[in-house]
Amino acid sequence: MNAKRGGLILLLAIVVLTLGLIETWTYLNDRAYLPPASVEQGDSTPRDRGLADEQAAIEEEQRSKPYEEAEYRAFPVIGSRVAVWIVAQLHLLFAAFVLAVPIFAVIIEFIGYFSKNPEDAKRYDKLAYEFTKLLSTSFSFTAAFGAFLLFMLIMLYPKLMNYLASVFSPTFAPYVALFFFEAFFLYSYYYGWGKFSPKVHLFLGVMLNLVGTAIMFIANAWLTFMTSPAGVSESGALISTWEAVTNYTWMPINIHRIIANVAFGGSVAGAYAAYKFLQAKSEEQRAHYDWMGYIGNMVAIAAFLPLPFAGYWLASEIYAFNQTMGLQMMGGAFSWLFIIQAVLIGNLFLGANYYLWLGMGRVEGSERYYRFTKYLLAAILLCFIVWATPRSIIATVDEVRAMGGSSHPVLGYLGVMSAKNTAVNILILTTFMSFLLYRRAGKKATVPWAAKGKSIQFLIFAAASIFVIFLGVYGYFVEASVRIGLSVPQVLSVLIAMVAITVIDIPLFKGAESIGRTKWGKIPPISQYVLIFLAVTFTWLMGLMGYVRSGLRQHWHVYGVVRDTSPDAFTPTLGFATQVVSVAVFIFFVLIGLVFWLTSLSDKAKYQEPVAAAEKSKQRPQPGAQGWQPEAAPSDKSL
């Protein structure tokens, strides 16, 4: 009892003590000092008051100021022009690739569809799909850089963009609608491979090409209007949107870009095949990617051969629109850039022919054509030297005095257009002959008129070459106006010769006897580096030519209509331009390397969780189970 009483007393004491503590805390808390929510730190200094007044004055001025449209805004570090230049270059390169690959992918699919041999049909279908695999990631890059470019233009050049919108706003809605259609046809073409009937799938591919071409035509209207504006008054007011679209250089650019895009796309696809060839682990993979690289290179060079002719047309339209601009292009600040262009194109011809000669080594029976290689190489080198020789030479004062002028007394004759036109036409004919030799390397014509047909082909080739050289020499003895006109019959004679030789060659080797098989994959690895070299050279060339087209406007955003009043209103030097283009080319190949890597992931084995491996190990027979017997104990004899 005493213990219980003691416990109750202790409990009562604890309760009383607790209540007392609560009451005490409440009493003290109610009377504690609380600082005000906003404490004045004392009187402000005169400087603080001055700053506050100044800020208030600025705010008041901003409120009373009416809205004025900004003409330019600055981009940090590299400046507005370089930033827009690089982003636009990357967008155009990816767009060219996305537009080009479906063109030859659909053509290859058509070849497979109409092939009578099931094995060939399957092979071509697989190749077309391999090309198309590169598209999905590239399309995302194209869209991302396109949106980035639009945002940068609106942010950095708002006044110019508003003017272009006032002229081309009717084209914006069709452009966006076509872009959605392109996405639909591209992804249904890619993901529908093998899911639709061949006819439906080919229809999707054709529609993809039509929509992509229409998108390019609209974008080209915006671009060419800035170089050769039409459909507007002298003050820039809109008269006709249709005339603004169909300006002087619109159609030449459309044709030039279609051909150039196919050449560029073929070269990049060839570089992808080279990348896969060098990584191949089996003979079968090596053979497949060797064939793919050959097709990519053939597409690139086949499109590259008529490209100079499209360039002539574009240049003549620029001359027709504005002679000052034409003279600036060929004889002014950009003349030395055409020397760089000549070197790059010469390397393209040399690399393409070298790849074909290496490829002939994998064709049995091609040995009989090896003797022609040295003559073709000599012709290409000679034309390369002539084409890359400048009219005027950078020299010291003493050297100029010794030469009697800025032109070399002998080499100066190779710098005029007569020599250049002759050299490039012979280059085209020579490369065409390399194609012919490769095509007939493992075949023997069996038609009765085979010998006569080959003789006629040789005579056509010889006649075209002699005619081109004759006009080139004749150009030195006539006036400049006549000399410029001689380029037309030179070009036409080469085109007619190539068409005539091809028309004879098709029936000549129809049903030809095979004297050897093509050993795909049996080609030196250096050939694959040549494919990568061709892709880099094509890309660099496109970037430099884009600089020329934009640089012709000089200090105009829209030539003769909207003047460039920004700090960048001058033509950058060739050295600076080549640096910017080189940076853009480097970034493009880093990104296209990422596209190659992402595309290659589809060929890799699926990832397996380590857990699955552990589960699999658990299913192995345990000691004592069937199939496993404990080791026998060592016998006494072995001890």
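None of these values were measured; they are calculated from a predicted model.
- Atom CE in Met433 sits 9.5 Å away from atom OH in Tyr369 (nearest 0.5 Å).
- Within a 6.0 Å sphere centred on CH2 of Trp449, heavy atoms belonging to other residues, nucleotides or ligands number more than 12.
- Under the side-chain contact (heavy atoms from CB on, under 4.5 Å) criterion, Tyr354 pairs with Leu358, Ile526, Val530, sequence neighbours left out.
- Rounding to the nearest 0.5 angstrom, the gap separating the OG1 atom in Thr430 from the CG atom in Leu377 is 10.5 Å.
- A salt bridge links Asp290 to Arg362: at least one charged side-chain nitrogen sits closer than 4.0 Å to a carboxylate oxygen.
- Among residues two or more places apart in sequence or in another chain, the side-chain contact (heavy atoms from CB on, under 4.5 Å) test is passed with Ala378 by none.
- Residues forming a side chain to side chain donor-acceptor pair (under 3.5 Å) with Asn425 (at least two apart in sequence, or on another chain): none.
- Evaluation of the salt bridge (Lys or Arg N to Asp or Glu O under 4.0 Å) rule for Glu367 yields no partner, not counting sequence neighbours.
- Gln528 approaches Ile523 most closely through the heavy-atom pair NE2-CG2, 3.8 Å.
- When all heavy atoms are compared, the tightest approach of Ala300 to Ala263 is CB-O, 3.3 Å.
- Closest of all the heavy-atom pairs between Leu531 and Gly293 is CD1-CA, 3.9 Å.
- Summarising the geometry of Ala464 relative to Ser493, their closest heavy-atom pair is CB-O, 4.2 Å, with the distance given to 0.1 Å.
- Remark: Arg440 pairs with Asp505 by the salt bridge (Lys or Arg N to Asp or Glu O under 4.0 Å) rule, at least two apart or across chains.
- Residues passing the side-chain contact (heavy atoms from CB on, under 4.5 Å) test with Val503, sequence neighbours excluded: Val499.
- In this structure, a donor-acceptor pair under 3.5 Å is present between the side chains of Ser434 and Asn353.
- Shown here are the side-chain contact (heavy atoms from CB on, under 4.5 Å) partners of Ile456, two or more places apart in sequence or in another chain: Lys452, Ile460, Ile504.
- Interatomic distance, Asp568 CG to Phe570 CZ, rounded to the nearest 0.5 Å: 5.5 Å.
- Under the rule for a ring pair (Phe, Tyr, Trp, His ring centres under 6.0 Å), Trp540 has no partner lying at least two apart in sequence or in another chain.
- The CG atom of Leu436 sits 12.0 Å away from atom CZ of Phe372, with the distance rounded to the nearest 0.5 Å.
- Considering every non-hydrogen atom in both His555 and Ala569, the closest pair reads CB-O, 3.9 Å.
- Listed by chain and number, the residues in a side chain to side chain donor-acceptor pair (under 3.5 Å) with Thr224 are Asn247 (sequence neighbours excluded).
- Residues meeting the side chain to side chain donor-acceptor pair (under 3.5 Å) test with Arg368, sequence neighbours left out: none.
- Here CG of Leu344 is found 12.5 Å from CZ of Phe349. Values are rounded to the nearest 0.5 Å.
- Looking at Glu513, its side chain never comes within 3.5 Å of a backbone N or O of Lys444 through a donor-acceptor pair.
- Judged purely by distance below 3.5 Å, without hydrogens or angles, the side chains of Thr227 and Thr249 never pair a donor atom with an acceptor atom.
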Only pairs under 3.5 Å count here: list side-chain donor-acceptor contacts from residues 90-103, not counting sequence neighbours, and write none if there are none.
unit_1: His91; atom_1: ND1; unit_2: Thr142; atom_2: O; d: 3.1
unit_1: His91; atom_1: ND1; unit_2: Gly146; atom_2: N; d: 3.3

Donor-acceptor list for residues 302-315 side chains, cut-off 3.5 Å, not counting sequence neighbours:
unit_1: Tyr312; atom_1: OH; unit_2: Asn421; atom_2: OD1; d: 2.5

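- A pairwise comparison of heavy atoms in Gly442 and Val363 identifies N-CG1, 3.5 Å as the closest pair.
- The aromatic ring centroids of Phe131 and Tyr272 lie 6.0 Å or more from each other.
- Note: His256 NE2 to Asn220 CG = 11.5 Å, rounded to the nearest 0.5 Å.
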